Structures are given as structure tokens and as C-alpha cells.
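Notes for the one structure printed next.
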Amino acid sequence: MKLLHRSFSSFPSSPLQTFLTIPQLCSNGRLQEALLDMAVLGPNMLGFHDYDALLNTCVNKRALREGQRVHTHMIKTSYFPPTYLRNRLLIFYGKCDRLADAHKVLDEMPDKNVVSWTAMISRYSQTGHSSEALTLFAEMMRADGKPNHFTFASVLTSCSGLSVFQKLLSQGMSPNYVTYASVLTALSGLALLDHGKQVHCHVLRRELPFYAVLQNSLIDMYSKCGNLSYARRLFDNMPETERTSVSWNAMLVGYSKHGLGKEVLELFGLMREGKRVKPDSVTLLAVLSGCSHGKMEDTGLSIFDGMIAGDYGVKPDTEHYGCIVDMLGRAGRIEEAFEFVKRMPSEPTAGVLGSLLGACRLHVSVDIGEAVGRRLIEIEPENAGNYVILSNLYASAGRWEDVNSLRAMMLRSAVTKEPGRSWIQHEQTLHYFHANDRTHPRREEVLAKLKEILMKMKQAGYVPDHSCVLYDVDEEQKERMLLGHSEKLALTFGLIATGDGIPIRVFKNLRICVDCHNFAKIFSKVFEREVSLRDKNRFHQIVGGVCSCGDYW
DNA sequence: GTAGGGTTAG
């Protein structure tokens with residue numbers, strides 16, 4: 001369709017710019033002019049290529065309103081879009097985070113194809129709506145849609161992966177490198193080292209060509225599953241020319257999460273010497289958080305100054321500022337952190353204020369914490385964590401009436417917090433525990449054992465730390481609440497279920513509390529077990545009563 | 001000829 005749109009348009013333009021078609025305008029990034037043309041053209045005047053170009057541009061620019069106008073134009077002019085364009089519409093709404101609108105497009109599609117299903121599933125996955133992604137995948141199978149590698153990779157992003165991975169194998173498909181990368185990511189999220197190793201073996205047997213993406217996800221999997229030395233071996237075995245910034249970053253993050261600040265700085269030094277790969281913003285985040293977890297605040301600060309001075313080719317953004325706030329706050333330098341936030345060139349984000357609030361909670365800095373927490377609740381009322389941390393801060397300062405009023409506030413705004421859970425793998429099964437668990441089939445046995453080991457623990461010097469109890473209850477009740485913490489239950493289960501001397505590996509979805517950390521240290525000494533505890537952010541490798549984090553996390 | 005998938009960070 002070669003229409004001379006310009007003759008319809010009153011858009012003032014120089015003579016040279018006349019007679020551009022809508023797709024041409026779009027590919028020149030002149031979306032607004034293309035939309036003007038669209039608006040003045042009547043029914044049947046726009047064709048497939050016009051709509052395709054318009055929608056594609058809106059997708060790239062994440063231009064929600066503009067895309068909606070295109071959609072409306074189709075409807076008003078009774079244009080019946082073919083599948084290809086409907087998919088574009090679906091992708092457009094998905095990318096603009098209008099998942100309900102995207103789903104509506106999918107539902108109304110008379111002839112969905114594998115792209116339609118996959119686009120919707122992947123958006124659900126990418127935005128953390130994993131149950132929707134899985135439901136849709138099931139619906140696709142019922143509707144006899146044939147999933148391909150794209151579909152599997154999308155689904156794998158959002159779920160534990162193994163059953164989907166097996167389904168793929170049972171369909172006679174052989175995984176490609178992206179499938180492996182996706183399933184490895186899912187496994188590292190759950191810290192399933194054994195499964196990760198299985199997938200690695202699978203990869204080795206396949207003798208696939210070298211894919212940096214796949215190697216990177218292996219490095220990440222090993223490091224997130226607590227096997228840093230293996231991660232490093234893979235990293236070292238990568239040909240230098242093939243290493244990308246992601247490879248370096250994955251390794252740096254691994255060291256950082258294990259609290260190994262020195263190793264982070266060494267590797268960062270190697271990266272800079274090598275000069276093959278430039279540090280990027282994630283690299284600097286990893287280095288700064290390495291300093292933070294490795295108690296090297298002053299090094300961290302000087303690197304940050306270096307960033308501002310342009311030493312690394314990366315300018316600090318909000319995330320980096322947040323990292324410094326976290327670092328100073330964690331180290332108890334609350335005032336400094338507060339000053340730092342005030343001096344930020346842009347308005348501090350919820351993330352930055354959240355780090356500061358967390359530090360105030362840790363060091364019981366009530367005044368600053370109260371100011372920061374109130375502000376945070378104002379700008380992010382839907383985040384349960386804000387109420388919880390502020391309430392915890394009040395609790396540790398004994399301000400119970402404020403604790404109660406915050407709880408009431410939380411109820412009013414109907415926010416809920418993710419319940420704490422710990423899990424441990426035993427004989428191919430994941431055993432989940434939550435606080436004061438009443439669901440695990442062997443809970444009676446676990447509780448009895450916990451009582452029993454508590455005696456030995458106390459003899460060895462375990463003193464329950466009541467500051468971790470955030471309710472206004474008597475001492476005896478406090479102790480009972482502490483004992484109910486899910487990581488203690490999981491540790492006890494590990495002791496029952498595994499033989500002497502076998503390391504116990506526990507995972508938790510939130511941060512570990514001081515009391516449980518202390519418990520785990522003494523536990524490791526008394527029962528001569530190596531304990532590896534991965535919390536939401538990082539690792540604790542505990543041997544003989546000493547933790548790799550140096551009691552700093 | 002053709003849209004949809006993947007690795008580090010939060």
C-alpha cells in the first residue's frame with residue numbers, strides 16, 4: 001500500500017519529509033506523525049504493514065497510550081487483524097505491563113498459535129506471576145497447542161523446573177542451550193545442587209558447542225548452590241576470549257554472597273588488568289556489595305568515589321547509592337548513611353530508604369528509623385516489609401503501643417507479608433517447614449528431637465536471644481516462639497534424617513535472625529556437622545561453631 | 001520472510 005499519506009495530513013513538514021509512508025515514519029522513530037496519519041485515514045485505509053509498524057514501534061517505546069490508539073483504530077474501522085497482528089497486540093500489552101489486556105487479546109484470538117501462547121506465558125513468568133504462567137501452560141497443552149523451545153524456556157523461568165524439564169524430554173524434544181540455562185536458573189533459585197549437577201552432566205554428555213550463556217548459568221548455579229570452588233573452576237576453564245561481563249559478574253556475586261570481600265576485590269583486579277571485558281553497572285554493584293558483606297566499608301567508599309571520578313567507566317545510579325547506604329548502615333554508621341541519603345543527587349527510592357530502615361532496625365536506631373519508616377510507608381504503602389521492619393524496630397525498643405498501632409495500620413491496608421519458610425532436601429524430596437510447623441508429617445518427631453538437643457545446646461552455651469521476639473509476651477513464651485523458627489526445625493530434621501558427619505544444608509526464604517544464627521553455630525559444634533545455611537541474600541557456611549560470614553550479615 | 005525464549009544485578 002503506497003499511499004501518499006502526507007496529502008491527507010495537515011502536519012507541517014519540510015518538503016523533503018513529504019510522502020513518507022506510515023512504516024517509514026515508524027522506522028525513523030517518528031511515531032507521533034505516523035499516528036496523526038493514522039487518525040485522519042478512514043476505514044480500510046490502513047493495512048497490515050501500517051499496523052504492524054505502528055504496534056512494533058509502540059512495543060519498543062513502551063508507548064501504552066499510543067498503542068491503545070492503534071488498537072482502537074482497528075476496532076473503529078472494523079479492521080479484522082490476522083493472528084500475526086493479534087500477537088503483536090498481545091506482546092504490546094504484555095510489555096506495557098497490562099497483563100489483563102494482553103490476556104484478553106489471547107482469549108479473543110480465534111486461531112492462537114504457539115507464539116501467542118508463549119508470549120503470554122513468558123510475560124507472566126517475567127513479571128513473577130508464576131502460577132498464572134503454569135496455569136496457562138496447562139491450558140495450552142489441553143488446547144493441543146504444541147510447545148516448542150521458546151515455550152519451555154518461558155515456563156522454566158517461573159517454576160522449579162524439573163517437572164517441566166521432564167515433560168520436554170518425554171515429548172521427545174532435546175533441550176537446547178537456552179532450555180538448559182533456564183532450568184539451571186530455576187534450580188539455583190531453590191539451591192538444588194544435586195539436580196544442578198545432573199543437568200550439568202546432561203550438558204556435558206550432549207557435547208554442545210560452547211555457549212557463554214550456558215557456561216554463565218552453570219557458574220551461577222554452582223555459586224548459588226554453595227559450591228564456589230566448582231563455580232571458579234568453570235570460570236577458569238572458560239577461554240578468556242569467551243568470557244563476558246556476565247561471567248565475571250556471576251563469579252563476583254558468588255564471592256560477595258559468601259562474604260568473601262577479599263576474593264571479590266582480587267577478581268575485580270584481574271578483570272581490570274585483563275582489559276578484555278569492561279566492568280558494567282552490575283560489576284560495580286557486585287564489588288560494592290562485596291565490600292559491604294566483607295566489612296570493608298572504607299574500600300567500598302573509595303571505589304564509589306572512583307566511580308564518580310570516572311575511574312571505572314560506570315557512573316553510579318540509584319542501585320549503587322543504595323549499596324553504599326546498605327554498607328554504611330550494616331556497619332552501624334547510621335548517621336553517615338542518613339547524611340549520604342540526603343546528599344543523593346536524586347530523590348531516594350524506596351529501595352534506598354528500605355536499606356536504611358533495615359540498618360536502623362539492626363542497630364536499633366529508633367529516631368532515624370522512625371522518620372525513614374514513616375516516609376517509606378507513605379511512598380510504598382503496599383509493601384508489607386516496611387510495616388514489619390518498623391514494627392520490629394519499635395519492638396526492640398520496647399515501644400509496644402507503636403507496634404500495635406502499626407499492626408492495626410497493616411490490617412487496614414490489607415497488606416500481607418510472605419511467611420518465613422525453611423527447606424531442606426532429603427532423598428530427592430524438599431521438606432518445607434514454617435514457624436511452629438503443624439503440617440510436616442514428621443513434626444512430632446522433630447519437636448521431640450528439638451527438645452532433646454536443646455539441653456545439649458544449652459550446656460554448650462546456647463542462650464536464647466529474646467531480642468528476636470517481636471511480641472510483647474512473657475519470657476517463657478518468647479523462648480517457645482524462638483524455638484519455633486523454621487530454620488531450627490529444618491536443622492533438627494536434618495540431624496534426624498542424615499547420618500553422622502554429613503553436612504546439613506538448609507535454605508530460608510527470608511533473612512536469618514540472630515538467634516537462629518547463634519543456634520546454628522553451636523549446633524555445628526555440638527553435633528560435629530558442617531551447616532550450610534542460605535538465606536534470602538547470602539550464604540552462611542558454619543564449621544565447628546564458626547560462620548563464614550564472621551557474624552556479619 | 002514472520003512475532004515468542006536465555007545468563008549476572010534488585
Side-chain angles (χ1 to χ4, degrees), chain A residues 48-49 51-52 55-56 59-60 81-92 94-95 102 105-106 109 112-126 128 133 137 140 145 147-158 161 164 168 175-186 188-189 211-224 231 234-235 238 242-257 271 277 279-290 314 317-323 326 349-352 354-355 536-537:
Chain A
F48 174 91
H49 293 289
Y51 284 126
D52 184 33
L55 283 174
N56 191 29
V59 170
N60 293 334
T83 304
Y84 176 97
L85 274 185
R86 286 173 192 264
N87 285 339
R88 270 254 195 265
L89 269 173
L90 191 163
I91 294 157
F92 157 73
K95 285 273 163 70
V105 175
L106 180 75
M109 230 188 260
K112 307 176 196 26
N113 61 20
V114 60
V115 176
S116 333
W117 292 105
T118 305
M120 195 67 233
I121 290 172
S122 82
R123 271 325 269 170
Y124 276 134
S125 285
Q126 290 162 358
F137 181 62
M140 174 186 181
N148 60 18
H149 280 135
F150 286 80
T151 326
F152 278 109
S154 305
V155 187
L156 280 167
T157 307
S158 69
V164 175
L168 175 144
N176 67 4
Y177 77 103
V178 181
T179 325
Y180 286 121
S182 322
V183 76
L184 284 167
T185 306
S188 53
Y211 293 107
V213 168
L214 181 49
Q215 295 299 317
N216 294 343
S217 62
L218 280 166
I219 292 174
D220 177 57
M221 183 276 292
Y222 278 113
S223 103
K224 292 233 175 87
L234 282 167
F235 176 84
M238 275 177 96
E242 301 285 351
R243 277 184 211 144
T244 64
S245 66
V246 178
S247 328
W248 290 93
N249 295 348
M251 203 61 235
L252 287 166
V253 168
Y255 284 132
S256 164
K257 286 202 189 264
M271 182 183 189
V277 179
D280 59 21
S281 116
V282 178
T283 314
L284 270 299
L285 275 179
V287 173
L288 291 178
S289 84
V314 182
D317 63 24
T318 325
E319 304 281 346
H320 301 99
Y321 278 90
C323 221
D326 179 71
T349 58
V352 172
S355 306
K536 193 178 169 67
N537 279 346

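Note that the structure is a prediction, hence the values are computed from the model and not measured. Each chain gets a letter, A, B and so on, in the order the sequences are listed, and its residues count up from 1.
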Would you indicate what A:Ser116 reaches in the nucleic acid, counting non-hydrogen atoms under 4.0 angstrom: base, sugar-phosphate, or nothing?
-> nothing
Tell me what A:Asn56 touches on the nucleic acid: a base, only sugar-phosphate, or nothing, going by heavy atoms under 4.0 Å.
-> nothing
First and last nucleotide of DNA chain B in contact with chain A, 5' to 3', at under 4.0 Å to a heavy atom: what are they?
-> B:dT2 to B:dG10
Would you call the rings of A:Tyr84 and A:Phe48 parallel, tilted or perpendicular if under 30° counts as parallel and over 60° as perpendicular?
-> tilted
Just call it for A:Asp52: base, sugar-phosphate, or nothing, with non-hydrogen atoms closer than 4.0 Å on any strand.
-> nothing
The salt bridge (Lys or Arg N to Asp or Glu O under 4.0 Å) partners of A:Asp52 (sequence neighbours excluded) come to A:Arg88
Would you classify A:Val155 as touching base, sugar-phosphate or nothing, given that sugar-phosphate means primed atoms plus P, OP1 and OP2, and contacts are heavy atoms under 4.0 Å?
-> nothing
Could you list the residues that satisfy ring pair (Phe, Tyr, Trp, His ring centres under 6.0 Å) with A:Tyr124, not counting sequence neighbours?
-> A:His103
Taking only residues two or more places apart in sequence, or in another chain, which ones meet A:Phe152 in a ring pair (Phe, Tyr, Trp, His ring centres under 6.0 Å)?
-> A:Phe137
Have a look at A:Tyr211 and say if it touches a base, only the backbone sugar-phosphate, or nothing, with a 4.0 Å heavy-atom cut-off.
-> nothing
Scan A:Lys224 against the nucleic acid and name what it touches under 4.0 Å (heavy atoms): base, sugar-phosphate only, or nothing.
-> sugar-phosphate
Could you tell me which residues satisfy salt bridge (Lys or Arg N to Asp or Glu O under 4.0 Å) with A:Lys257, sequence neighbours excluded, listed by chain and number?
-> none
So what does A:Thr157 touch, heavy atoms closer than 4.0 Å: a base, only the sugar-phosphate, or nothing?
-> sugar-phosphate
Among residues two or more places apart or on two chains, list those pairs meeting salt bridge (charged side-chain N to carboxylate O under 4.0 Å, His left out) that have a residue in residues 247-256 of chain A.
-> none
Have a look at A:Asn176 and say if it touches a base, only the backbone sugar-phosphate, or nothing, with a 4.0 Å heavy-atom cut-off.
-> base
NA contact type, A:Asn87, heavy-atom cut-off 4.0 Å: base, sugar-phosphate, or nothing?
-> base
